[in-house]
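Written out below as structure tokens is the structure these notes cover.
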Amino acid sequence: MKYTKSGGQTAVGPQEWFTGAVQVDGIRDPDEQSAIGCAHVRFAPGARTAWHHHPKGQTLYVTDGIGLVATRSGGVQEIRPGDVVYIEPGEEHWHGATPDRFMAHVAMQEADENGGVVIWLEHVTDQEYGV
């Protein structure tokens, strides 16, 4: 067993990856023991990720608030606490809060053989977001 004491600091989500106010608390990074990366991400109302995809897919577990998730090939789906969303490897998508509610989720993804967990793309437009 490996025990990691709580610590670290909340990081502001980089503007290259997010629109709006986003805070990220890292839970774990992939390492020699496990390829799993995980973070607790909090979105202010209207905040969202840019389009992106994951080489080995991603699982989201919604912990608080009301959010949205969308793929290039599908519509926008509302997500709420307790919902689990699995995004297929390579599937381009975005996720974030609704325009008038906060949303938080735990994001889990596995690193590929090169250690990569995400490929970031362009920002989601207001039209794609639905405002």
Task: Between H95 and T49: side-chain donor-acceptor atoms closer than 3.5 Å - done: no

- [ ] Consider only side-chain N and O atoms of H54 and E110, and report whether a donor and an acceptor are under 3.5 Å apart.
- [x] no

- [ ] Assess whether side chain to side chain contact (heavy atoms under 4.5 Å, CB included) is satisfied between V84 and T59, documenting all intermediate values.
- [x] CA-CA 7 Å; V84 176; T59 299; 3.8 Å; yes

Open item on the list: Starting from I66, can I reach W94 by hopping between I/L/V/M/F/W/Y residues whose side chains sit under 4.5 Å apart?
Closed with: no

Task: Distance-minimising heavy-atom pair for A97 and A44 - done: CB-O, 3.3 Å

Task: Under 3.5 Å side-chain donor-acceptor pair for H105 and T63 - done: no

Task: Rounded distance (nearest 0.5 Å) linking atom CZ of F18 with atom CD of Q23 - done: 10.0 Å

Open item on the list: Please give me the minimum heavy-atom distance between I119 and P55, naming the atom from each residue.
Closed with: CD1-CD, 4.0 Å

Task: Rounded distance (nearest 0.5 Å) linking atom NZ of K56 with atom CG of D112 - done: 7.0 Å

Task: Salt-bridge criterion met for E88 and R72 (N-O under 4.0 Å) - done: no

Task: Value rounded to 0.5 Å, distance of CE in M108 from CD1 in I27 - done: 8.0 Å

TODO: Take the angle between the ring planes of H52 and W120 and call it parallel below 30°, perpendicular above 60°, tilted in between.
DONE: tilted

Task: Considering all heavy atoms, the nearest V117-P30 contact - done: CG1-CG, 3.9 Å

TODO: State yes or no: do V69 and V118 share one hydrophobic cluster built from I, L, V, M, F, W and Y residues joined by side-chain heavy-atom distances below 4.5 Å, directly or via other members?
DONE: yes

Task: Heavy-atom check, side chain of C38 versus side chain of R28, under 4.5 Å - done: yes

- [ ] Heavy atoms only: give me the nearest F43-A47 pair and the separation to one decimal.
- [x] CD2-O, 3.7 Å

TODO: Might you work through the side chain to side chain contact (heavy atoms under 4.5 Å, CB included) test for L60 and V106, ending with a clear yes or no?
DONE: CA-CA 6 Å; L60 304 175; V106 174; over 6 Å; no

- [ ] Decide side chain to side chain contact (heavy atoms under 4.5 Å, CB included) for R48 and Y129; before the verdict, give the C-alpha distance in whole Å, the side-chain angles of both, and the deciding distance to 0.1 Å.
- [x] CA-CA 9 Å; R48 57 200 181 261; Y129 179 66; 3.3 Å; yes

Open item on the list: Quick check for you: to the nearest 0.5 Å, what is the distance between D126 atom CG and T19 atom OG1?
Closed with: 8.0 Å

Task: N114 side chain to G116 backbone, donor-acceptor under 3.5 Å - done: no

- [ ] Please report the C-alpha distance between I79 and M103 in whole Å, then the side-chain angles of each, then the deciding distance to 0.1 Å, and finally whether the side chain to side chain contact (heavy atoms under 4.5 Å, CB included) criterion is met.
- [x] CA-CA 9 Å; I79 52 178; M103 189 274 291; 4.2 Å; yes

Task: Crowding at CD, E78 (>12 non-hydrogen neighbours, <6.0 Å) - done: yes

Task: Test: R42 and D25 ion pair at under 4.0 Å - done: yes

Task: Interatomic spacing from NE2 in H53 to CD in E91 - rounded to 0.5 Å - done: 11.0 Å

Open item on the list: Between W51 and E128, is there a side-chain donor-acceptor contact under 3.5 Å, judged purely by atom types and distance?
Closed with: yes

- [ ] Please say whether more than 12 non-hydrogen atoms of neighbouring residues, nucleotides or ligands are located less than 6.0 Å from CG in D31.
- [x] yes

